[in-house]
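Structure record follows, encoded as C-alpha cells.
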Amino acid sequence: MPQTGYATSTGRIAAPQADLAAIINQCYQCGKCSAGCPVASEMDLMPHQMVRLAVLGDVDRIAASKSVWLCLTCHTCGARCPNGIDVPALLDPIRHQILRDKLDTKGSPVPVFHKTFMDTIKTFGRVYELFLIGMYKLRTKKYFDDMELGMQMFKKGKLHLLPQKTGSLSEVKQVFKKSGLK
Amino acid sequence: MEFTYYPGCSLKGSAEELDESFRSVSEKLGVTLKELPDWACCGASSAHMVDAYLETALPARDLLTAERLGRDVVAPCAGCHVRMKAASMKILEDADLSRQFPFKGEIDIISGIEMFHKQDVLKRIKERRSKPLDGLKVVTYYGCLAVRPVEVVAPEDPENPRQMDDVLEALGAEVLNWPYKTDCCGGSLAVTRTDLVIKLSKKLIDMAIAVGADAMVTLCPMCQANLDTRQADMSKLSGKNYQMPVLYLTELIGVALNDSQATRWFEKHMVSPKNMLASKGLI
Ligand code: SF4
Ligand code: SF4
C-alpha cells in the first residue's frame with residue numbers, strides 16, 4: 001500500500017490485503033460503526049478510528065491498541081455500515097499476525113483464552129469445559145474468579161467431569177498440523 | 001421432514017436442556033433428526049480469532065460428512081450455525097480451499113430458528129399445541145449470531161427479526177415490543193471480561209423488566225448462559241433481586257405441546273422459570 005503523509009507505521013503488521021483494502025477504503029468516516037458498537041466506551045481506538053488508521057496504512061497502531069482484543073465480533077458495525085465494512089474482518093488478520101509473531105498482547109486475557117480454547121479442541125476434538133477453564137486459570141493465574149458460579153453450575157449438572165469423545169480426533173489433529181497455529 | 005443434526009459442544013455441555021428440548025419437540029412435530037457421526041467442534045468464537053485456516057478447516061470436515069449423507073443440516077446453536085455456514089461459503093468461493101475440501105454446496109445449513117419457522121412446522125405447532133401459552137408475556141432475544149454477520153445469515157430484517165416472534169405467537173404467547181432484540185450480551189468475552197458481560201447483559205435484563213416481560217426467550221446457548229448465570233452478580237452489584245427467567249424457544253414449544261420432560265429441562269436453569277410458569281397455570 002502506498003504510504004501517505006499520515007502514516008507512522010513501522011510496517012511490522014501487514015497492511016490489509018487487496019480485496020479487504022478495496023472495501024475499507026470506501027469508509028467516509030460517518031461514525032455509524034462506533035455509534036452502535038457495544039464496547040466503544042471501553043476502547044482506546046474506536047471502530048471508525050481503526051478503519052481510518054488502516055486506510056492510512058498505520059496498522060501497527062491498531063495492533064498495539066486495547067481495542068483489538070476488546071472487539072466482541074458482534075458484527076453490529078458490519079450490519080450497519082453504509083459501505084459494508086465489517087470491523088472484525090479487518091481485525092482478524094491483525095490478531096492472527098500478533099499471535100503468529102508472538103507480539104505484545106498487553107497482558108490481555110482474551111488471546112490467552114482463545115488459544116486455550118483451541119488447545120482444548122486440539123486435545124479432545126470438542127470443548128471440555130473443565131479442562132478449558134482450568135487451563136485458562138492456570139495460564140492467567142486468575143484462580144478464584146467465578147469460583148462460586150462454577151460450583152453452582154457443577155451442582156446443576158452444567159459442567160461435566162469427563163470429556164466427551166469424538167471418533168474423528170486424529171483428523172482434527174491433522175487439521176491443526178496444517179494450520180498457522182503452533 | 002428429516003435433517004442431519006449438528007448439536008455442537010454447548011448442547012453436550014452447559015446447554016443440555018437445549019439439546020433435550022430441541023430433540024423432544026422436533027420429534028413431537030414430526031421432524032426427524034439424525035446426529036452427524038463423529039462431529040468435532042466448529043471452532044466457535046475462538047478459531048477465527050487465532051487462525052484463518054482453522055476457521056474454515058474445522059467445520060469443513062463435518063460439512064463433507066454431512067454432504068455425503070445428503071440431508072440438510074440443522075445446527076440449533078446460533079454460533080455453530082454461523083461457523084458452519086460461513087465455512088461452506090468460504091470453500092465455495094476459494095479455489096484452493098475447495099480443492100482441499102471438495103464441498104459442493106448441495107446441502108443447506110439451517111439454524112434452529114429457521115427450522116421451527118418453516119411453514120410446515122409452524123402449521124404443525126398451531127395444530128398440535130395442547131396448552132397455549134395464554135397470558136405469558138415474553139421478549140424475544142435473538143442476540144448477534146442469529147442475524148449477523150448479515151452476509152452469512154441473510155436475515156429478513158437484521159434490526160427487527162420476527163421469526164421467533166412468529167413461533168411464539170403461534171404458541172399463544174404475547175410477544176412484547178422492546179429495543180434490544182439483537183443487541184450483544186458480550187458472549188465472546190464471557191470468561192475473560194466478566195465485568196463487561198455483566199454490564200451488557202444487565203442492560204438487556206433491565207429493559208426486559210421495564211417492558212413487563214415474564215421471561216426472555218432465545219435460541220443461543222451463549223446468550224442464555226450469560227443472561228441466566230450472571231443475574232446473581234447483578235443482584236450483588238445493584239442490591240436488587242434479579243429473577244428473570246431466560247428460556248430457550250424449544251422449552252416453550254415443549255410447554256405448549258405439553259411435553260412431560262419440560263420440568264426436567266428447567267432444573268438446569270440458574271433462575272428457575274418454574275414458579276412463573278406455574279403461576280400462569282402452564283406447568
Ligand atoms: S460505518 Fe462504515 S463508513 Fe461509517 S465510519 Fe464506520 S466503517 Fe466508515
Ligand atoms: S464487531 Fe467489534 S467493532 Fe464491530 S460493533 Fe461489535 S464490538 Fe464493535
Side-chain angles (χ1 to χ4, degrees), chain A residues 38-39 42 69-70 72-76 78-80 84 86 88-89 92-93 95-96 99-100 108-118 120-121 124-129 132-133 136 140 145-146 148-149 152-153 156-160 164 166-169 171-172 175-176 178-181, chain B residues 8-10 12-17 37-41 43-55 57-58 60-62 65 100 143-145 147-152 155 158-159 182-189 191-194 196 200 203 225 229-230 232-233 267-270:
Chain A
V39 284
E42 310 281 333
W69 299 114
L70 263 177
L72 295 154
T73 319
C74 72
H75 300 288
T76 308
R80 294 183 180 167
D86 188 41
D92 271 348
R95 297 189 271 233
H96 300 164
L99 296 177
R100 217 171 35 236
S108 171
V110 176
V112 181
F113 175 79
H114 293 299
K115 281 209 308 218
T116 309
F117 189 99
M118 297 318 286
T120 312
I121 306 309
F124 301 101
R126 294 182 188 170
V127 175
Y128 173 25
E129 281 152 338
L132 168 62
I133 300 298
Y136 171 75
T140 54
D145 285 13
D146 276 335
E148 208 177 308
L149 177 62
Q152 300 257 4
M153 288 178 69
K156 292 261 173 197
K158 280 182 166 294
L159 292 175
H160 298 279
Q164 5 156 10
T166 171
S168 57
L169 187 55
E171 292 166 60
V172 172
V175 167
F176 273 89
K178 282 199 211 158
S179 78
L181 191 74
Chain B
C9 303
S10 290
K12 295 291 170 188
S14 53
E16 267 177 345
E17 69 272 37
D38 290 333
W39 58 270
C41 174
S45 321
S46 291
H48 74 86
M49 294 283 269
V50 301
D51 187 74
Y53 178 76
L54 283 177
E55 174 186 351
L58 275 176
R61 275 195 44 262
D62 283 334
T65 316
Q100 281 184 63
C144 299
L145 297 170
V147 286
R148 295 186 295 265
V150 282
E151 63 282 10
V152 177
E159 299 290 346
T182 64
D183 280 43
C184 181
C185 69
S188 65
L189 297 178
V191 176
T192 45
R193 288 295 305 272
T194 46
L196 280 180
L200 294 174
K203 182 188 93 168
T229 64
R230 292 292 168 195
D233 295 308
E267 300 291 335
K268 299 256 169 175
H269 290 240
M270 303 296 272

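First the proteins, then the strands, lettered A, B, ... as listed; each starts at 1. Nothing here was measured: the structure is a model prediction, and the numbers come from that model.
Of the atoms belonging to B:A232, not a single heavy atom falls under 4.5 Å from chain A. Contact annotation for B:E267: only backbone heavy atoms (N, CA, C, O) come within less than 4.5 Å of a heavy atom of chain A. Heavy-atom distances place no part of A:Y128 under 4.5 Å from chain B, backbone and side chain included. Proximity to chain A is absent for every atom of B:T65, based on heavy atoms less than 4.5 angstrom apart. Using a 4.5 Å cut-off between heavy atoms, A:L72 touches chain B through backbone and side chain atoms alike. For chain B, the nearby part of A:R80 is the side chain; its heavy atoms alone come within less than 4.5 Å. The contact between A:I133 and chain B is made entirely by side chain atoms (from C-beta outward), counting heavy-atom distances below 4.5 Å. Interface remark: A:V112 contributes no atoms to any contact with chain B (heavy atom separation under 4.5 Å). Looking at A:E171, both its backbone and its side chain come within 4.5 Å of chain B, counting heavy atoms on both sides.
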request  = Dump the intermediate steps for side-chain contact (heavy atoms from CB on, under 4.5 Å) on B:V150 and A:D86, then the final yes or no.
outcome  = CA-CA 10 Å; B:V150 282; A:D86 188 41; over 6 Å; no
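Formation of a donor-acceptor pair under 3.5 Å by the B:D62 side chain with backbone atoms of B:A40 is found in this model. Not a single donor-acceptor pair under 3.5 Å links the side chain of B:R61 to the backbone N or O of A:S168.
A:W69 does not carry B:R193 over the face of its six-membered ring by the limits of under 6.0 Å from the centre and within 45° of the normal.
Chain B forms the most heavy-atom pairs under 4.5 Å with one residue out of A:K115, A:E42, A:R100, and that residue is A:E42. Counting heavy-atom pairs under 4.5 Å between each of B:E151, B:K203, B:E16 and chain A puts B:E16 at the top. Here A:T76 is the residue among A:T76, A:L99, A:V172 with the most heavy-atom pairs under 4.5 Å with chain B. Of the residues considered (B:T194, B:L189, B:L145), B:L189 shows the highest number of contacts with chain A, using heavy-atom pairs under 4.5 Å. The greatest number of non-hydrogen atom pairs below 4.5 Å with chain B, out of A:H75, A:R126, A:Q164, is found for A:R126.
There is no side-chain donor-acceptor pair under 3.5 Å between A:H96 and B:D51.
No side-chain heavy atom of A:F124 sits under 4.5 Å from any side-chain heavy atom of B:C9. Contact annotation: the side chain of B:M49 never approaches that of B:E55 to less than 4.5 Å [non-hydrogen atoms, C-beta and beyond].
Listed here is the closest heavy atom pair of A:V127 and B:C41: CG2-SG, 4.2 Å.
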